[in-house]
2 protein chains.
Amino acid sequence: MSDPATRNRSRATADMVARTANVSRVAVSRAFNPHASIKPEKRDLILKVAQELNYTPDMAARSMVTGRSHLVGIIVPDVSGPWESQELDAMTTALQAEGFATLLFRTRDDLSLDETLLTYMKGFNPDSVIAYAENVRPTTLARVLDRAVPIYIGYPDEDVGEEEAAPLFDRLDVLQREGIEQAVALMQGYGARRFAFLAGKSNSLATQSREHMVRKVIAERGLPPPIRIQGDYMYDTAYRETLNQFRLGEPVDAIFAANDVGAFGAIDALRTELGLRVPQDVKVVGFDDIHQSHWKSYNLTTVKLDLAERTQALMRLILRRLKNPTSPSLTETVSTRLVVRGTVG
Amino acid sequence: MSDPATRNRSRATADMVARTANVSRVAVSRAFNPHASIKPEKRDLILKVAQELNYTPDMAARSMVTGRSHLVGIIVPDVSGPWESQELDAMTTALQAEGFATLLFRTRDDLSLDETLLTYMKGFNPDSVIAYAENVRPTTLARVLDRAVPIYIGYPDEDVGEEEAAPLFDRLDVLQREGIEQAVALMQGYGARRFAFLAGKSNSLATQSREHMVRKVIAERGLPPPIRIQGDYMYDTAYRETLNQFRLGEPVDAIFAANDVGAFGAIDALRTELGLRVPQDVKVVGFDDIHQSHWKSYNLTTVKLDLAERTQALMRLILRRLKNPTSPSLTETVSTRLVVRGTVG
DNA sequence: AACAGTTTTGCACACGATTTCAATCTAGGG
DNA sequence: CCCTAGATTGAAATCGTGTGCAAAACTGTT
């Protein structure tokens, strides 16, 4: 049985479909391409036969000639984080709706791994790449990946890290000022005077920008500068460092956390270990508005990054860039706003 | 400039590296294949030139000739769920360490979407597929994917759904009896007599198996059969349905939840809305042991599915199957155990 | 220096699709 | 019935890589 049509290979090919339907292989290709010109009845026949043979075009082969892999690489430092997984969920859903599959990579905190990982990823020829990892710098991304145009997530309220933002990149600008102003105003309105900022990983651009803006807004309102509590976005660290701050350092009126999970850690430290009440004794505000923030045990007042808005903006950037690879750089803007729940007033 | 070597294409190819290094293209291929025979000095030269040219072998082209895509498809119903994202994180890390990239897909609850999604995924030729989605049945998987051998996750304590487990599949057997026995014993020891089982999505095999086993163990200990509270693994539903049970139905001593997130919803309903104390008035046990379960506000006693153990078992199945595609079906077994925290005694 | 045995090399083909281009078919008006 | 514009068709080239096979180069032994 050397006849390729009868050889029982593991996967049906266009050739087999063509043989079975008595058409040319080219016709099979056309039947699966909506824009190709082929007689409708012929297409229907081919599609029917294809289904019977359980045939699907091979993306690898297709990708070689079209130059489109229909893959979008996503790089995340910790998939299991609530915010990260919720964003990954939204992006995967949106990408899937546009016919892309998500190629997922996880970074270690180890910076040196970056190049290896990016080089490896590049082998898959992703049509686009989204790096949520704070340790993957867009300049590195641009250097290693030659086809994709990275999306730079910027915080134009402040000029943190702007040196990296060459005009070459597409940008997603996040306006954090509004949400932060509302949060500080609310806490001050309920009597808070002595603030702490519970930071995230210190190499995180998002954290740096948030801290910058929080300090600025607090200063503008004539309040003393906030005390800095070093965290890393994780619950356990936030819990421990909050404890340290109140036991060894100076207690505060209000805690502004760089993310919601950190806020949970702070709240639990205050309530469980220090016997303080939230919000009566200490007010707490978080950042992100993850699903868990409305859980009744926390019921956290937090600055919301609108996930749907953010996802749509990213999709617009990706799709426009794919449609016109040589167009000048694009920018989308999303904003933040305070979601008021029970941890302030 | 029609010379392909000088044409400034977006991506370096093996040809360009060969031209630049004055070697044959085959040599380049061998330089990147650890098992190929090539003079060491030559390999070093090629790798150096390749790095300068920022060259990486094209996985699509490689996949066509080797038949290995180095992709593993993962199908998840909701990436943002804590358990799902934690398992996805662990699997992605493990796969990456073995040289595989994760190809992520998300299902809707809509069952009809399955075939379309699977057919689409098949186009990428994944070397293996892991479907965590309860609505993707292994028989469907086996029919649509022709190369991969699905892994069937079974619960041999009970015979729920066994009709689907053809001997054709590789299996991961989860022994739930031990953890459940410990949990029921602990709650009974602290005086619980009237149980409720807070179920997950009813089409979930895991839930059916857990409920079966919980009922059996409770019966064996001479306790009245548990009341059923219908949930769907989500916080909000658990919260609402627990409220309904206590307000409109019959109160209970103890709640055994089908997953941790559901347990959180139940706890918050009891404490916040019903004014009951956990564990003094009602004991609560969950299932999974996600990161959030040790957060102090919940401090949940729960039946642990060991993620590391589970991930390693899955990796063994995948790797052995890939090494020997025709070997008879394999089985790995993992067990469960109770993690005692503060919601029982 | 000749020989056998091993390592290294490169040609040519295969993998499974898309796309160009010239040839063929179809429809409709004169 | 003929002619032309437009719609379909299929042969051949192409994408970037791995591999079988025969030839060449190298190794060390007598």
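What you see is a predicted model; the values in this text were computed from it and never measured. A, B, ... follow the sequence lines: proteins, then strands. Residue 1 opens every chain.
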Point to revise | Length of the line joining A/Asp58:CG and C/dA17:C1', which is rounded to integer Å | key: 7 Å
Check your understanding: Taking only N and O in the side chain of B/Ser24, is any of them less than 4.0 Å away from OP1 or OP2 of C/dT9?
Key -> no
Revision key, fill the gap. B/Met16 atom CE is separated from D/dG16 atom P, nearest whole Å, by 7 Å
Point to revise | Candidate nucleotides C/dT20, C/dT9, C/dC11, ranked by approach to the side chain of B/Val26 - the nearest | key: C/dC11
Exercise for review: Give one of base, sugar-phosphate or nothing for B/Tyr55, where a contact means two heavy atoms less than 4.0 Å apart.
Suggested key: sugar-phosphate
Practice item. Grab the CG-P distance between A/Asn22 and D/dG10 for me, whole Å please. Key: 11 Å
Review point. Quick one: A/Arg30 CZ to D/dA7 P, roughly how many Å, whole number?
Key: 14 Å
Exercise for review: Step by step, work out the side-chain hydrogen bond (donor to acceptor under 3.5 Å, both in side chains) result for A/Thr92 and B/Arg106.
Suggested key: CA-CA 7 Å; A/Thr92 297; B/Arg106 189 197 196 282; over 6 Å; no
Review point. Taking only N and O in the side chain of A/Lys39, is any of them less than 4.0 Å away from OP1 or OP2 of C/dT24?
Key: no
Review point. When B/Val72 is tested against each of B/Leu104, B/Thr102, B/Val129, B/Leu95 for side-chain contact (heavy atoms from CB on, under 4.5 Å), which residue passes?
Key: B/Leu95
Revision key, fill the gap. Rounded to whole Å, the CG-P distance (A/Asn33 to D/dG10) equals 17 Å
Practice item. Please confirm whether B/Tyr120 and A/Phe100 have ring centers closer than 6.0 angstrom. Key: no
Practice item. By nearest nucleotide on DNA chain C, pick out whichever of B/Ile38 and A/Phe32 is the more 5' one. Key: B/Ile38
Practice item. Assign B/Ser37 to base, sugar-phosphate, or nothing according to its heavy-atom contacts below 4.0 angstrom with the strands shown. Key: base
Review point. Can you check the B/Lys42 NZ to C/dG10 C1' distance for me, whole Å?
Key: 9 Å
Practice item. Compare the minimum distances between each of D/dG20, D/dG18, C/dA17 and the side chain of A/Pro57, then state the nucleotide with the smallest one. Key: C/dA17
Check your understanding: Of all heavy-atom pairs between A/Phe124 and A/Leu71, which one has the smallest distance, and what is that distance?
Key -> O-CD1, 3.8 Å
Check your understanding: Nearest-Å distance, CD1 (B/Ile46) to C1' (C/dT9)?
Key -> 11 Å
Review point. Quick one: which of D/dT8, D/dT9, D/dC15 gets closest to the side chain of A/Met64?
Key: D/dC15
Exercise for review: Have a look at B/Thr66 and say if it touches a base, only the backbone sugar-phosphate, or nothing, with a 4.0 Å heavy-atom cut-off.
Suggested key: sugar-phosphate
Review point. How long is the line joining CZ of B/Arg68 and C1' of D/dG16, in whole Å?
Key: 20 Å
**Study point:** Nearest atoms (heavy-atom pairs only) where B/Gln96 meets A/Phe105
**Key:** OE1-CA, 3.6 Å
Practice item. Kindly say whether, by distance alone, the side chain of A/Arg25 makes a donor-acceptor pair under 3.5 Å with the base of C/dT18? Key: yes
